[in-house]
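These numbers were taken from a predicted model, which means no experiment stands behind them. Heavy-atom basis, side chains included; hydrogens, waters and symmetry copies ignored.
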Amino acid sequence: MDDAALAEFLRARRALVRPKDVGLGDAGDARRRVTGLRREELAFLAGVSADYYVRLEQGRGHRPSEGVLESLARALRLDEELTEHLYALARPAPTATRTRERVSDTVQELLDAWTTTPATVTSRRMNVVGSNALACELASCYVPGTNLLRAVFLDPGTRETHVDWNAAASEAVANFRARIGTERDDPELTELIGELSLRSQEFRELWARHDVHTTTAGAKSFRHPELGVISLRFHAMPLEDGQVLTVLHARPGSPDERSLALLATMTAT
């Protein structure tokens, strides 16, 4: 068990549970000196002793039982994916997940064949390892070799391109945590997280929340310098070795579909 990682996760998620959400009074109580629940309150809700829970948060707890993990997940109001992450921290896999930082020739051929559909492939480190010309024209952060997290938090151009930057940033961090899971032995991941933590307060704040979420579909709006705002839907599909294929498209018959077609024409010429 990764005691330190589990302790950090418990502290972060406890801070996000408001007392009034679990029937424990007003969060604005002047006597309350902590964000979220107190340790003893969380222990009470989970049905474990306060002393045992304190040891868990200090990284000194014994391996929690299935029943304790289930109770903690319920008390912390974790969704299914966060619950899986909690179990993974308490029962880490013996081997690391494989990482592939190169898109296969077959997948790249598929990307290039989609001349009217922006599409990208990213690795579990959030590096863009493949994309087509239309995706690169839509947003510079989709150029192969770009790390999406660095682009979102450190590149002013990417911040300007995303109409709802706050949503894009939150989604990127939660997806990143979901992709890397409990991995702690990858030097490149450690370097990336350290760099972003030093250079971006917004990343530090989002990273500290320990949100874990795999986004498989949704919508994004991009600000293009010539065509204005283009709102697209996207679908994300897992490939081998932790890679994810993301395909964007416009609603049929919409102005966005016409803008995307015009962008494809501009890209071709």
Side-chain angles (χ1 to χ4, degrees), residues 100-176 179 192 196 199-200 202-203 214-269:
R100 181 181 174 89
E101 294 295 337
R102 181 183 178 278
V103 70
S104 70
D105 294 340
T106 303
V107 172
Q108 185 59 57
E109 289 173 4
L110 176 64
L111 296 175
D112 292 337
W114 289 336
T115 57
T116 60
T117 303
T120 67
V121 175
T122 51
S123 71
R124 61 189 294 269
R125 297 188 184 116
M126 303 291 278
N127 293 323
V128 179
V129 296
S131 62
N132 57 19
L134 188 53
C136 296
E137 181 63 31
L138 179 66
S140 61
C141 62
Y142 292 148
V143 173
T146 303
N147 180 271
L148 286 183
L149 281 176
R150 285 195 181 97
V152 166
F153 288 98
L154 304 181
D155 178 18
T158 298
R159 184 184 290 260
E160 177 63 21
T161 296
H162 285 87
V163 174
D164 190 346
W165 181 87
N166 288 326
S170 298
E171 181 181 286
V173 173
N175 275 277
F176 181 56
R179 290 200 198 184
L192 175 62
L196 292 170
R199 299 179 62 185
S200 172
E202 291 145 320
F203 175 82
T214 300
T215 305
T216 57
K220 291 181 182 289
S221 293
F222 302 87
R223 190 178 288 108
H224 191 271
E226 298 179 54
L227 300 178
V229 174
I230 305 176
S231 297
L232 302 175
R233 300 172 179 178
F234 71 87
H235 292 271
M237 295 155 279
L239 301 178
E240 294 180 344
D241 299 333
Q243 293 185 350
V244 174
L245 167 65
T246 302
V247 181
L248 299 109
H249 64 97
R251 183 170 56 85
S254 66
D256 301 300
E257 185 181 46
R258 294 190 288 274
S259 294
L260 193 59
L262 180 56
L263 186 63
T265 301
M266 295 167 56
T267 301
T269 57

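Judged as a side chain to side chain donor-acceptor pair (under 3.5 Å), and not counting sequence neighbours, D256 has no contacts. Scanning for side-chain contact (heavy atoms from CB on, under 4.5 Å) contacts around T216 gives T214, with sequence neighbours left out. Listed by chain and number, the residues in a ring-ring contact (aromatic ring centres under 6.0 Å, His included) with F203 are F153, W207 (sequence neighbours excluded). Partners of T116 by side chain to side chain donor-acceptor pair (under 3.5 Å), not counting sequence neighbours: none found. Partners of R199 under the side chain to side chain donor-acceptor pair (under 3.5 Å) rule, at least two apart in sequence or in another chain, are E195. Under the rule for a side chain to side chain donor-acceptor pair (under 3.5 Å), the partners of T122 that lie at least two apart in sequence or sit in another chain are R179.
S140 and D155 make their closest contact through OG-OD2, 4.4 Å (heavy atoms, listed as atom of the first residue, atom of the second, distance). In this structure, S221 and V229 approach most closely via the heavy-atom pair CB-CG1, 4.2 Å. Across every non-hydrogen atom of L111 and A119, the tightest pair is CD2-CB, 3.6 Å.
R233 places no side-chain N or O within donor-acceptor distance of the main-chain N or O of A217, the cut-off being under 3.5 Å. T117 places no side-chain N or O within 3.5 Å of a backbone atom of W114 that could act as its donor or acceptor partner. Of the possible polar contacts, none joining the S200 side chain to the L196 backbone as a donor-acceptor pair under 3.5 Å is found. A donor-acceptor distance shorter than 3.5 angstrom exists from the side chain of Q243 to the backbone of R100, with no hydrogens or angles considered. With hydrogens and angles ignored, the 3.5 Å screen pairs no side-chain donor or acceptor of N127 with any backbone N or O of S123. Between the side chain of E257 and the backbone N or O of G253 there is at least one donor-acceptor pair closer than 3.5 Å.
Residues T146 and Y142 are not in side-chain contact: their nearest non-hydrogen atoms beyond the backbone lie 4.5 Å or more apart. Contact annotation: the side chain of M126 approaches that of N147 to within less than 4.5 Å [non-hydrogen atoms, C-beta and beyond]. Using a 4.5 Å heavy-atom threshold, the side chains of L260 and L134 count as touching.
Considering CG of L110 and CG of D105, their distance stands at 12.5 Å, rounded to 0.5 Å. Atoms OG1 and CZ, from T158 and R150 in turn, are 13.0 Å apart once rounded to the nearest 0.5 Å. The OG atom of S259 lies 10.5 Å from the CE atom of M266; values are rounded to the nearest 0.5 Å. With values rounded to the nearest 0.5 angstrom, L192 atom CG is found 5.0 Å from F176 atom CZ. Between atom NE2 of residue H224 and atom CD1 of residue I230 there is a gap of 6.0 Å, rounded to the nearest 0.5 Å.
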Verdict with supporting geometry, E101 and R125, salt bridge (Lys or Arg N to Asp or Glu O under 4.0 Å) = CA-CA 8 Å; E101 294 295 337; R125 297 188 184 116; 3.1 Å; yes
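Side-chain contact check for N132 and D112: no donor-acceptor pair (N or O, by modelled atom type) lies under 3.5 Å.
When each of V247, L263, L138 is tested with P118 by the rule side-chain contact (heavy atoms from CB on, under 4.5 Å), just one qualifies, namely L138. For the side-chain contact (heavy atoms from CB on, under 4.5 Å) criterion with T246, the lone passing option out of V128, T215, T120 is T120.
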